[in-house]
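Here's the structure we're looking at; comments come further down.
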Amino acid sequence: MPLVQKELESETMTLNIGPSHPAMHGALRTQVELDGELIVRAASEIGYLHRCFEKHSEHSTYQQIIPYTDRLNYVSALMNNSGYCRAVEKLLNLEIPDRAVFIRVVMCELSRVMDHLVCIGTNLVDIGALTNFWFFFNVREKIYTAIEKVTGARLTYAYTRIGGLARDIYPDFASDIKAILKEVEQGVRDVVGLVANNRIFCDRTVDVGVVTKEQAVEWGFTGPCLRASGVAHDLRKAEPYYHYDEFDFDIPVAENGDTYDRTMVRIEEIYQSIKIIHQALGRLPQGPVMTDDARVALPPKKEVYGSIEGLMNHFKLIMHGILPPKGEVYSATEAANGELGFYIVSDGSMRPYRIKCRPPCFPLFAAYEKIIEGHMIADAVAIIGSLNIVAGELDR
Amino acid sequence: MMNLLEILQKEFGEAVGEVHQNYGDDTAVVDSSRIVDILKFLKEFPECPFDLFLDLCGVDYLAQSASGGRFEVVYHLYSLPKKKRIRLRVKIAGEKPSIQSAVPVYPIADWFEREAYDLLGIRFEGHPNLKRLLMWEGFEGHPLRKDYPIDKRQPIPTLGNLL
């Protein structure tokens with residue numbers, strides 16, 4: 001037999017992607033077994049960013065945990081803030097003032113927009129389309145500036161309080177946001193124009209990383225990744241909270257569950273979030289942004305200095321913290337990435353007995369090793385970006 | 001539809017202990033020996049199939065060690081068609097707690113169980129790959145146990161020489 005026709009001997013190669021790799025979106029490690037460029041087997045490892053959020057929480061008062069939640073999903077920290085506070089408020093059976101509710105909605109939807117901008121922008125960079133990144137990050141920067149004017153911080157806001165918000169928005173906030181949203185819409189339109197029918201983008205994403213409807217449910221997907229696979233599930237519609245049932249918006253759903261669909265679902269969600277923000281700003285009621293419930297709110301200074309009850313109340317809250325009743329509660333909100341759940345067990349003391357955060361990207365990354373099997377190595381990078389794994393909330 | 005908790009009680013009798021609906025969360029404390037059957041029943045329950053496995057976590061009730069129920073495993077399930085939630089709590093006795101793995105019923109329980117094993121030392125029998133998830137191999141103890149001191153330090157393995 002001539003030498004050229006002989007089957008060449010070959011063996012598979014093991015490759016580490018991460019933990020420190022620019023395409024890995026955080027400190028994640030996946031080890032893949034390669035046959036040529038084809039992934040035969042894959043296994044992931046997490047924990048590089050584990051900071052004991054849950055253990056720390058057990059040793060902190062309920063208010064002290066709020067800044068920790070910023071660091072879960074740091075791309076949309078305001079959603080973690082309100083998700084956590086909502087869980088404690090549920091435990092306390094506490095209604096927060098309507099103005100605080102609407103501001104939380106605006107902030108959460110702005111965070112969703114920013115989260116999607118980051119997710120799509122970086123994913124597009126990974127597959128070779130850098131221009132879009134600037135279109136998205138330019139406008140994201142402007143949202144940051146507006147939020148900074150409200151909260152005083154750019155990334156880790158700690159803006160919500162149990163019972164409301166730390167401070168009210170500034171007078172021109174609504175008009176600022178409306179102007180910024182116009183630019184966001186323009187930015188998204190520009191990007192859609194560049195990529196939606198782009199041959200390279202379509203080749204890299206269509207039918208890449210397909211997750212069927214059944215798989216998505218079996219793998220515990222929630223959020224945009226579940227909706228991209230054809231399940232119209234959104235907690236804002238399924239279990240409306242914060243007046244979401246009164247807003248007019250749609251849940252974008254796709255069919256194929258591939259990387260292209262996951263990107264497009266997010267793009268459509270940006271438009272829907274903008275719609276919600278306009279409605280919420282239009283309906284923003286006047287009034288306080290913090291409840292006056294003595295269990296959680298510090299009394300006004302006049303009462304602290306002028307009455308014994310006020311003084312005692314202030315002292316008790318500072319020294320003993322918030323004391324929820326004994327019990328357990330699970331509260332879920334629709335974060336940018338899916339269901340963000342907090343399970344809190346209270347023993348009636350000033351510190352939670354146990355807090356479990358259910359991060360939306362935990363099941364997504366658990367399924368990642370199954371999704372990429374049989375794909376090319378370059379597709380693994382395109383897929384992980386579309387799943388939007390945020391190591392901060394994955395490892396907690 | 002009947003109350004889900006009543007259905008569970010009817011179906012599994014003694015195995016379903018205390019139930020409550022505090023804060024609107026349907027909760028049942030169930031027997032550890034029947035947990036896989038109960039999960040399977042709920043997943044395939046025709047009127048309200050709990051198809052989405054949302055969360056699994058362990059809780060350490062150190063004060064209850066004497067009464068034989070130190071650890072608890074908590075399951076959160078969701079039914080996409082009926083938009084309903086249920087929480088199952090399972091008490092496990094002993095210093096070496098173990099419980100049947102939920103992976104055969106809900107494959108996604110895999111990483112959740114590894115995390116509970118890692119942080120609380122709960123063994124999941126029948127789990128295909130029960131090893132640490134967040135902490136590193138060689139870590140001693142289980143950090144989320146109540147008797148693990150928060151300020152305890154352990155050496156982090158360093159990389160070896162390259163040359």
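Since we're looking at a predicted model, the values are computed, not measured. Below, chains carry the letters A, B, ... as their sequence lines are ordered, and counting in each starts from 1.
- Contact of the B/Tyr78 side chain with the A/Thr222 side chain is not registered, since no non-hydrogen atoms from C-beta on lie closer than 4.5 Å.
- Using modelled atom types, no side-chain atom of A/Lys356 and backbone atom of B/Asp55 make a donor-acceptor pair closer than 3.5 Å.
- The distance from atom CD of A/Glu45 to atom CD of B/Glu137, rounded to the nearest 0.5 Å, is 8.5 Å.
- No donor-acceptor distance shorter than 3.5 angstrom exists from the side chain of A/Lys55 to the backbone of B/Pro149, with no hydrogens or angles considered.
- Annotation for B/Lys40: atom NZ does not count as buried by contact number, only 12 or fewer foreign heavy atoms lying within 6.0 Å.
- Interface remark: B/Leu80 contributes side-chain atoms only to the contact with chain A (heavy atom separation under 4.5 Å).
- How far CZ of B/Phe112 is from CZ of A/Arg358: 5.5 Å, rounded to the nearest 0.5 Å.
- The local environment of CD in B/Glu140 is sparse, with at most 12 non-hydrogen atoms from other residues, nucleotides or ligands closer than 6.0 Å.
- The closest side-chain heavy-atom distance from B/Val74 to A/Tyr330 is not below 4.5 Å.
- Proximity to chain B is limited to the backbone of A/Phe221, based on heavy atoms less than 4.5 angstrom apart.
- The shortest side-chain heavy-atom distance between A/Glu58 and B/Leu144 falls under the 4.5 Å cut-off.
- Listed options B/Arg89, B/His20, B/Arg87 were ranked by heavy-atom pairs under 4.5 angstrom with chain A; first place goes to B/Arg87.
- Rounding to the nearest 0.5 Å gives a distance of 4.0 Å between CD1 of A/Ile46 and CG of B/Leu133.
- Neither the backbone nor the side chain of B/Asp118 comes within less than 4.5 Å of any heavy atom of chain A.
- Listed options A/Tyr48, A/Phe365, A/Tyr343, A/Trp219 were ranked by heavy-atom pairs under 4.5 angstrom with chain B; first place goes to A/Tyr343.
- Looking at B/Tyr148, the atoms closer than 4.5 Å to chain A (heavy atoms on both sides) sit in the backbone and in the side chain alike.
- In plain terms, the two heavy atoms of A/Ala366 and B/Ile108 that are nearest each other are CB-CD1, 4.1 Å.
- Residues of residues 230-240 of chain A having a heavy atom under 4.5 Å from any heavy atom of chain B, listed by number: A/Val231, A/His233, A/Leu235, A/Ala238, A/Glu239.
- Of the atoms belonging to A/Ser44, heavy atoms from both backbone and side chain fall under 4.5 Å from chain B.
- Between chain A and the options B/Leu54, B/Thr27, B/Asp51, heavy-atom pairs under 4.5 Å are most frequent for B/Leu54.
- Between A/Lys90 and B/Asp25 the shortest side-chain heavy-atom distance falls below 4.5 Å.
- In this structure, the portions of B/Tyr23 lying under 4.5 Å from any heavy atom of chain A include both its backbone and its side chain.
- Within 6.0 Å of CZ in B/Arg145 there are more than 12 heavy atoms belonging to other residues, nucleotides or ligands.
- Heavy atoms closer than 4.5 Å to chain A are found in the side chain of B/Leu119, but not in its backbone.
- Atom CD of A/Gln64 has more than 12 neighbouring heavy atoms from other residues, nucleotides or ligands inside a 6.0 Å radius.
- The distance from the CG atom of A/Asp347 to the OH atom of B/Tyr61 is 9.0 Å, given to the nearest 0.5 Å.
- Contact check for B/His76 versus A/Glu339: no side-chain heavy atoms found under the 4.5 Å cut-off.
- More than 12 heavy atoms of other shown residues, nucleotides or ligands fall within 6.0 angstrom of atom CD in B/Glu125.
- Judged by distance alone, the side chain of A/Arg354 and the main-chain N or O of B/Gly58 form a donor-acceptor pair under 3.5 Å.
- The contact between A/Glu218 and chain B is made by backbone and side chain atoms together, counting heavy-atom distances below 4.5 Å.
- Contact of A/Val217 with chain B is made through backbone and side chain together, with heavy-atom distances under 4.5 Å.
- One distance of note links CG of B/Asn22 with CG of A/Leu91; it measures 10.5 Å at 0.5 Å rounding.
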